[in-house]
Engineer: 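Pasting a structure below so you can have a look.
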Amino acid sequence: MQQRPRTDAHRHDLHRHDVRRFAFELPARTASVSRARRLAEERLILWGCAPDIRDTVTLIVSELVTNAVVHTASGHVVCELREGEEQLRIAVRDEGGAADPRIRDCGEEERGRGLVLVEALSSAWGADSTGHGTARVVWAELAHGMGHTC
């Protein structure tokens, strides 16, 4: 499966003054995954997001942070939530690894389904190079029409 591209509206929203943004950095350890979920959920509560959107966002945060911890050689990861007029964007920046993020067929395995979930829950997702070695940002977007706005 291929990444779903974002729309041109994404670039427009990032330059608006009414964009809300929250970012945090954590050590790239498995214990940081639950901390990332908590930080994201606490911020979404402050923003007034409905419980169903909070559940979706915290699941995506969990999957993206887990991938950064497990599949890269990162010492830390940075997670950012950005809410604009059109969508809520979740982005996780890592310090890179050998391969780009991809969806894979895992058969009956319980592991390896993170990006399948991200794709199913988001209106768009992808990975962009940061321009610093193999570091990248893996992101997912939730169009406000997919759930409740914050």
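Quantities reported herein were computed from a predicted structural model and do not represent experimental measurements. Side-chain atoms are counted along with the backbone in the values below, which use heavy atoms only and exclude waters and symmetry mates.
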Engineer: side-chain contact (heavy atoms from CB on, under 4.5 Å) for Trp139 and Asp128? Distances and angles first, verdict last.
Structural biologist: CA-CA 8 Å; Trp139 53 267; Asp128 300 319; 3.0 Å; yes
Engineer: Determine yes or no for a side-chain-to-main-chain donor-acceptor pair under 3.5 angstrom, with Ser123 supplying the side chain and Glu141 the backbone.
Structural biologist: yes
Engineer: For the residue pair Val92 and Cys79, what are the closest heavy atoms and their distance?
Structural biologist: CG2-SG, 4.1 Å
Engineer: About how many Å separate CG of Leu44 and CD of Glu83, when rounded to the nearest 0.5 Å?
Structural biologist: 8.5 Å
Engineer: Could you tell me whether the side chain of Arg93 reaches within less than 4.5 Å of the side chain of Arg136, counting heavy atoms only?
Structural biologist: no
Engineer: With side chains defined as the heavy atoms from C-beta onward, is the minimum distance between Val78 and Phe24 less than 4.5 Å?
Structural biologist: no
Engineer: Nearest 0.5 Å please: distance from the CD atom of Glu41 over to the SG atom of Cys49.
Structural biologist: 10.5 Å
Engineer: Okay, side chain of Ser34, backbone of Ala31: is any donor-acceptor separation there less than 3.5 Å?
Structural biologist: yes
Engineer: Going by heavy atoms in the side chains, are Val138 and Asn67 under 4.5 Å from each other?
Structural biologist: no
Engineer: Can you see which heavy atom on Gln87 is nearest to which on Ala143, and at what distance?
Structural biologist: CB-CA, 3.9 Å
Engineer: With a 4.5 Å cut-off on side-chain heavy atoms, are Asp94 and Val137 touching?
Structural biologist: no
Engineer: Side chain of Arg82, backbone of Arg20: donor and acceptor closer than 3.5 Å?
Structural biologist: no
Engineer: Just how far is it from atom CZ of Arg54 to atom CH2 of Trp47, taken to the nearest 0.5 Å?
Structural biologist: 13.0 Å
Engineer: Are the side chain of Ser32 and the backbone N or O of Ala28 linked by a donor-acceptor pair below 3.5 Å?
Structural biologist: no
Engineer: Classify the side-chain pair Ser62/Arg37 by whether it contains a donor and acceptor separated by less than 3.5 Å.
Structural biologist: yes
Engineer: Would a 4.5 Å heavy-atom cut-off, applied to side chains only, mark Leu59 and Leu121 as touching?
Structural biologist: yes
Engineer: About how many Å separate CZ of Phe22 and CG of Leu46, when rounded to the nearest 0.5 Å?
Structural biologist: 8.5 Å
Engineer: Work out which heavy atom in Ser122 is nearest to a heavy atom in Leu142; give both atom names and the distance.
Structural biologist: CA-CD2, 3.8 Å
Engineer: Do Leu115 and Trp125 come within less than 4.5 Å of each other through their side chains, counting heavy atoms only?
Structural biologist: yes
Engineer: Could you report the tightest heavy-atom contact between Ser74 and Gly96, atom names first, then the distance?
Structural biologist: OG-N, 3.9 Å
Engineer: To the nearest 0.5 Å, what is the distance between CG (Leu117) and CG (Leu64)?
Structural biologist: 10.5 Å
Engineer: Within this structure, what is the CD1-OG1 distance for the pair Ile53 and Thr58, rounded to the nearest 0.5 Å?
Structural biologist: 10.0 Å
